[in-house]
Amino acid sequence: MTLSVLLFASWADALGSTVQLDLPAGARVRDVLSALTERAAGKSLPKPLVAVNQRYARPDTPISATDEVAIIPPVAGG
Amino acid sequence: MTLSVLLFASWADALGSTVQLDLPAGARVRDVLSALTERAAGKSLPKPLVAVNQRYARPDTPISATDEVAIIPPVAGG
Amino acid sequence: MRSAIVDHPLDPTALLAEVASTASGASTLFVGTVRRVNEGRDVTGIDYSAYDAMAERELADIVGEAVAQFGTEHIVVEHRTGTLALGEASIVIAVSHARRAQAMDAQRYVIEQVKKRVPIWKREHYADGAREWVGV
Amino acid sequence: MRSAIVDHPLDPTALLAEVASTASGASTLFVGTVRRVNEGRDVTGIDYSAYDAMAERELADIVGEAVAQFGTEHIVVEHRTGTLALGEASIVIAVSHARRAQAMDAQRYVIEQVKKRVPIWKREHYADGAREWVGV
């Protein structure tokens with residue numbers, strides 16, 4: 001499947017605000033992270049969390065092509 | 001000595017905002033309290049603290065006629 | 001730092017502006033207000049009275065303690081006396097600090113100490129016409 | 001209760017008025033502001049950006065949790081995004097409650113949870129022209 005992933009802050013600066021990933025069916029959050037970490041090789045980026053449909057997700061959360069998936073670098077609101 | 005004592009809140013309602021007390025030389029805070037409690041006999045008044053020269057004082061603090069002595073019922077500011 | 005006992009309506013916005021500083025990352029405001037109900041009775045207003053000279057000194061001491069303990073000069077407190085209607089502010093505490101935790105700690109220290117130490121009294125007016133000193 | 005991510009200057013006074021209630025004995029306001037110095041560097045401004053939809057939902061969740069946990073409906077929070085100058089407010093949290101302790105506890109809960117969970121980022125501008133994401 002092709003998955004559109006939203007990026008923010010330092011990750012968006014490095015890779016753009018949206019990245020298209022080709023992932024096998026049955027991919028999970030950890031696979032999204034692996035694929036993106038590979039693309040960011042050599043760039044110094046903070047370890048992010050992943051949100052699926054606007055909620056924080058665990059590494060083993062399954063992903064489908066229609067999910068809204070986002071990379072969440074360390075937050076700094078307030 | 002004759003001592004002028006300032007009263008506030010429920011104590012002022014019961015005995016007036018100033019009371020003149022005749023006290024022996026060498027009187028202490030506890031003597032002021034005793035004399036006033038006697039005057040207030042039969043009235044239901046809350047146990048107060050005493051301030052001498054605008055600071056909270058202990059029962060054994062000595063009093064002179066020139067001190068500013070005040071009866072401080074339970075405070076309720078804020 | 002500044003503190004005062006005043007007999008006019010309080011202006012929380014002015015106190016917030018007074019503590020503002022570009023050295024601060026957080027500002028807090030505490031506003032005590034007259035409640036409609038206290039211990040089950042309908043309140044229509046409150047008279048606040050003070051032993052003015054001692055109240056001003058005690059309030060200044062508290063603010064000085066908070067300045068020393070929490071590490072900011074930016075603390076301002078005003079307490080009002082007189083007759084207050086429902087919803088009106090009896091006390092405003094404004095603090096700003098480089099760090100949010102200390103701003104909130106200082107705020108709490110000041111209000112708790114005021115409640116314990118400052119010689120101010122309140123007499124509540126009730127809907128049935130009665131008037132009673134609180135804390136008695 | 002209400003929460004929002006907005007792109008215009010915040011108005012603490014308006015939020016304080018919004019939570020006012022004659023059922024409340026205490027109101028608190030927390031204002032986060034842009035500091036002149038952070039970790040020893042001279043700051044000239046901050047860009048705040050958000051994952052808007054998720055930030056709004058997460059902020060609404062936090063306010064809902066505070067309403068349930070501390071027992072007041074009177075909690076309003078706004079977080080600003082965009083470019084902020086020194087001293088400008090990035091977040092305003094207004095709470096009112098019958099009891100002062102719960103008003104202050106709710107205030108602290110909201111700001112601590114916002115710092116942890118809401119997907120908002122800030123990039124500081126420094127006097128030397130550099131711009132860096134914070135917390136990276």
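Lettering of chains follows the sequences in order, A, B, ..., and the numbering in each one begins at 1.
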Practice prompt. With a 4.5 Å heavy-atom cut-off (strictly below), which parts of residues 25-53 of chain C touch chain B? List them by number.
Written response: Y48(C), A50(C), Y51(C), A53(C)
Worksheet item: Looking only at heavy atoms, which of residues 117-127 of chain C get nearer than 4.5 Å to chain B?
Response: R117(C), V118(C), P119(C), I120(C), W121(C), K122(C), R123(C)
Worksheet item: What heavy-atom pair brings S90(C) and G78(B) nearest, and what distance separates the two atoms?
Response: OG-O, 3.0 Å
Discussion item. Does any backbone or side-chain atom of L49(B) lie under 4.5 Å from a heavy atom of chain C? Answer side chain, backbone, both or neither.
Written reply: neither
Discussion item. Filter on ring pair (Phe, Tyr, Trp, His ring centres under 6.0 Å), then keep only pairs touching residues 37-78 of chain B, sequence neighbours left out; what's left?
Written reply: none
Practice prompt. Measure the shortest side-chain to side-chain distance between M54(C) and N53(B) over non-hydrogen atoms and say whether it is less than 4.5 angstrom.
Written response: no
Worksheet entry | Inter-chain contacts: residues 55-85 of chain C against chain B, heavy atoms under 4.5 Å | R57(C), E58(C), D61(C), H79(C)
